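Naming convention: chains lettered A, B, ... in sequence-line order (proteins, then strands); numbering from 1 in each chain. Below, each value reflects all heavy atoms present in this structure, side chains not excepted, and no hydrogens, waters or symmetry copies. This is a predicted model, so every value here is computed, not measured.
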Number of protein chains: 2
Amino acid sequence: MPAKKNYHHGDLRQSLINEATRMIADSGIEKLSMRGLAECVGVSRTAAYHHFKDKNELLCAIAEQGFSHWYDQMGSRLNEVPEDLEAWFRAFSHAYIDFARNHAEQYDLMFGRPIWKNGQPTESLRKISFEAFERYAEFVKKCLQGDQFSHGQDALRVAQVTWGSLHGLSRLLNDGVYLDKESINSMCDVAARLLVQNMRR
Amino acid sequence: MPAKKNYHHGDLRQSLINEATRMIADSGIEKLSMRGLAECVGVSRTAAYHHFKDKNELLCAIAEQGFSHWYDQMGSRLNEVPEDLEAWFRAFSHAYIDFARNHAEQYDLMFGRPIWKNGQPTESLRKISFEAFERYAEFVKKCLQGDQFSHGQDALRVAQVTWGSLHGLSRLLNDGVYLDKESINSMCDVAARLLVQNMRR
DNA sequence: GGTGTATGTTGACACTGTCAAGATTGAAAA
DNA sequence: TTTTCAATCTTGACAGTGTCAACATACACC
């Protein structure tokens, strides 16, 4: 049923998400207004409120799709069994930061204040976002497994710290603080060198 | 000259900064409005515009004071000559994250989108913020000095990556993503263990 | 004392998110 | 088929925002 012209839109919910994603990608999150979005989709100011309780809920939906996209792009790496862990992490870092930079606005939404601090993350967003981290944490655990020194919650902490590091670099890059994109390569090298070599202990 | 009652406020500029800092500390950055701030200070809606071109400029002033505060609290650590670098970094991590958490809103302002991505950081903010990083980078360089393996820009990269890591952990903590404050201690331990031991190479 | 400049005020404009009440539609019940 | 009903969309309204232009006040200096 391809988009009725008249009254009912047909698939407004998804159209809103798509258009909003497109809009924030080239104008930034804070430029996105419910009214502007509605106009772009060709619908009245408040139509969106029949599909999303809030602006917050719309943002959550966008973020949710972002996590799904993230997993499409990064998930396969978490199934590998790396021989050279440092090389693996170097590549992973690069891929992670590339994702964060290529979908900068969506990335900032996925992990940023507007949803997690101000608004309330949707239950489904909570779920999919934690799943992403859990998958990563499991990967780390698997890599540290059989290590005589690792004990208890150690793997979780390593996962938290390494993810946090990549997140921090991504944010500083995206926001244009301290880091310049020309040095991404060497920063990934250094990050892998620093972070990996003492994982196993 | 203690605060005239009538027309001229006397030291409105600083009063605005102070009150705004107080307001964001207990209501969050996005709740801060020029009008609300003006009312709290007891002045008309647009009075602030004679001291700050923009809301952005006001935010920059707050952030600037934040960097000054940061240096008061952290600067002395950058003058130490650590014997045990891992222990030093463990303590530094803790202090950094404590600062970020104790002044969460101001910290987010200092390094966040509103200023660095959307708005334009003031020249003086640029200066003071870069100075903070440069001091840290120099410290790292000093620590890596005489190290046979370190070469060229390596120290800068190490500084970027380690700062980025602390920033990432701080942001995830402040925004309530993945990390919980109960595990700050062990995360700092792990961060120090991972990041430090291979600095020297 | 008069004048100018810094600082304060009021009015106005366009924009925002969102609620309440009414209009339109397609599908299920009669 | 006709009626009814719930889902969907629209219009009107309200309080709130940042900021500009025009005006008022007050202090500092000739």
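- Here the two rings, on H69(A) and F99(A), have centers that are under 6.0 Å apart.
- As rounded to whole Å, 13 Å separates atom P of dG8(C) from atom CG of L37(B).
- R45(B) contributes a side-chain N or O that forms a donor-acceptor pair with the base of dG11(C) under 3.5 Å.
- Atom CE of M23(A) is separated from atom C1' of dT16(C) by 13 Å (rounded to the nearest Å).
- Residue-to-nucleotide proximity on DNA chain C shows that, of L32(A) and A47(B), the 5′-proximal contact is made by A47(B).
- For R35(A) and dT18(C), a side-chain-to-base donor-acceptor distance below 3.5 Å is present, hydrogens and geometry of angles not being considered.
- Rounded to an integer number of Å, the gap from H51(B) NE2 to dT9(C) C1' is 13 Å.
- Atom CG in D11(A) sits roughly 12 Å away from atom P in dT8(D) (whole-Å rounding).
- Listed candidates were dG18(D), dT10(C), dG8(C). Nearest to the side chain of H50(B) is dG8(C).
- Regarding M34(A), its CE atom lies at a distance of 14 Å from the P atom of dT10(D), rounded to whole Å.
- Regarding L58(A), its CG atom lies at a distance of 10 Å from the P atom of dG17(C), rounded to whole Å.
- Using a 4.0 Å cut-off between charged side-chain N and carboxylate O, R135(B) and E138(B) make a salt bridge.
- If you take CG of L16(B) and C1' of dG8(C), they are 12 Å apart, rounded to a whole angstrom.
- Listed candidates were dT10(D), dT10(C), dT16(C). Nearest to the side chain of V43(A) is dT10(D).
- Taking the centre of each ring, Y107(B) and F111(B) come in below the 6.0 Å mark.
- Taking a cutoff of 4.0 Å between a charged side-chain nitrogen and a carboxylate oxygen, D189(A) and R193(A) do not qualify as a salt bridge.
- One finds no side-chain N or O of T46(B) lying less than 4.0 angstrom from the OP1 or OP2 phosphate oxygen of dT19(D).
- Of all nucleotides listed (dT19(D), dT16(C), dT10(C)), dT10(C) comes nearest to the side chain of S44(B).
- Rounded to an integer number of Å, the gap from E39(B) CD to dT10(C) P is 12 Å.
- Checked against the 6.0 Å centroid threshold, Y178(A) and W116(B) do not count as a close aromatic pair.
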